[in-house]
Amino acid sequence: MGFFSKEEKSKIILRAFKTLFFLITMLVSLLLFSAPVLLAIADTLLPSALLSASLSPSSLSLSTLSSHFNDYDFRYSLVDIPLISIIRSAVIICVYGLCDGPRLSRGPYLGITTICSVLSLIFVSLKASYVFSVADIDRGVYVRAMEMALFICSLALAVGHIVVAYRTSCRERKKLLVYKIDIEAVSACKNGFPRYHPKIPKEERAN
């Protein structure tokens, strides 16, 4: 004889399933609400990690990185890809932090995010056409794959910024619309139900 009957076990399983579903829903809502910040962090870290993976371990010191900047060539150097991502993320997250509800719905956040992302898309696309047009056998297959992943990651994150900004704008627009409807409903109730003023008979007034 078990501790729980079949009916009690089914209730426990159903309760656990509901709790798990609630936690997953709350986690997804939190991720969607924090999507601009999380995407900016990913845009800052991922391209830099892919660049360091494409370079040799000896190329990760400050002196060698400064030499990369000194010997910069648009057709071959890749240090500008993480730099573009960091600048793009910094601008977008600053605008996101300074904007409130109405400005997030339609205004600086969506516009500046689109401009920054489109400009970085054009820059990275042009650079990719130069970099991959030159066949460099000395780099190896692994380094070439890391470079390709770096470009794909930068392009995907730029598109992701636009998508997240658009969804954030739509969400804030819905919030403002609901708030406007609530204000109009309260105003209509106040206008529809005026204050009660009791009528005093004339005789009482004369007295």
Exercise. Between Lys174 and Arg171, is a side-chain contact (heavy atoms from CB on, under 4.5 Å) present by the stated rule, with each step listed?
Worked result: CA-CA 5 Å; Lys174 289 179 182 178; Arg171 187 183 70 237; 5.9 Å; no

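- With Asp43 as the partner, the side chain to side chain contact (heavy atoms under 4.5 Å, CB included) test is satisfied by one option alone out of Leu157, Ile84, Ile93, Leu38: Leu157.
- Partners of Ile152 under the side-chain contact (heavy atoms from CB on, under 4.5 Å) rule, at least two apart in sequence or in another chain, are Met148.
- Once rounded to the nearest 0.5 Å, the distance linking CG of Leu83 with CG of Leu78 reads 12.5 Å.
- Neither Val159 nor Ile86 shares a network with the other; the hydrophobic side chains, linked directly or stepwise wherever heavy atoms of I, L, V, M, F, W or Y lie under 4.5 Å apart, form separate groups for each.
- The side chain to side chain contact (heavy atoms under 4.5 Å, CB included) with Pro36 is formed by just one residue from the set Thr168, Ile41, Ile92, Val95; it is Thr168.
- Applying the side chain to side chain donor-acceptor pair (under 3.5 Å) criterion to Thr44, with sequence neighbours excluded, gives no partner residue.
- The side-chain contact (heavy atoms from CB on, under 4.5 Å) search around Cys94 returns none, not counting sequence neighbours.
- Using a 4.5 Å heavy-atom cutoff, the side chains of Leu51 and Ile81 are not in contact.
- To the nearest 0.5 angstrom, Ser169 atom OG is 8.0 Å from Tyr166 atom OH.
- Heavy-atom minimum distance, Leu39 versus His161: CD2-N, 3.3 Å.
- For Leu50, the side-chain contact (heavy atoms from CB on, under 4.5 Å) partners two or more places apart in sequence, or in a different chain, are Met146, Ala149, Leu150, Cys153.
- Checked by atom type and distance alone, the side chain of Ser89 pairs as donor or acceptor with a backbone atom of Ser85 at under 3.5 Å.
- No side-chain N or O of Thr19 forms a donor-acceptor pair with one of Arg15 less than 3.5 Å apart.
- Think of Leu46 as one node in a network of Ile, Leu, Val, Met, Phe, Trp and Tyr side chains linked at under 4.5 Å; it has no links at all.
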Identify all side-chain donor-acceptor contacts of residues 112-122 below 3.5 Å with residues at least two apart in sequence or on another chain.
residue, atom, partner, partner atom, Å
Thr113, OG1, Tyr109, O, 2.6
Thr114, OG1, Leu110, O, 2.7
Ser117, OG, Thr113, O, 2.8
Ser117, OG, Ala158, O, 3.3
Ser120, OG, Arg88, NH1, 2.8
Ser120, OG, Cys116, O, 3.1
Ser120, OG, Ser117, O, 2.8

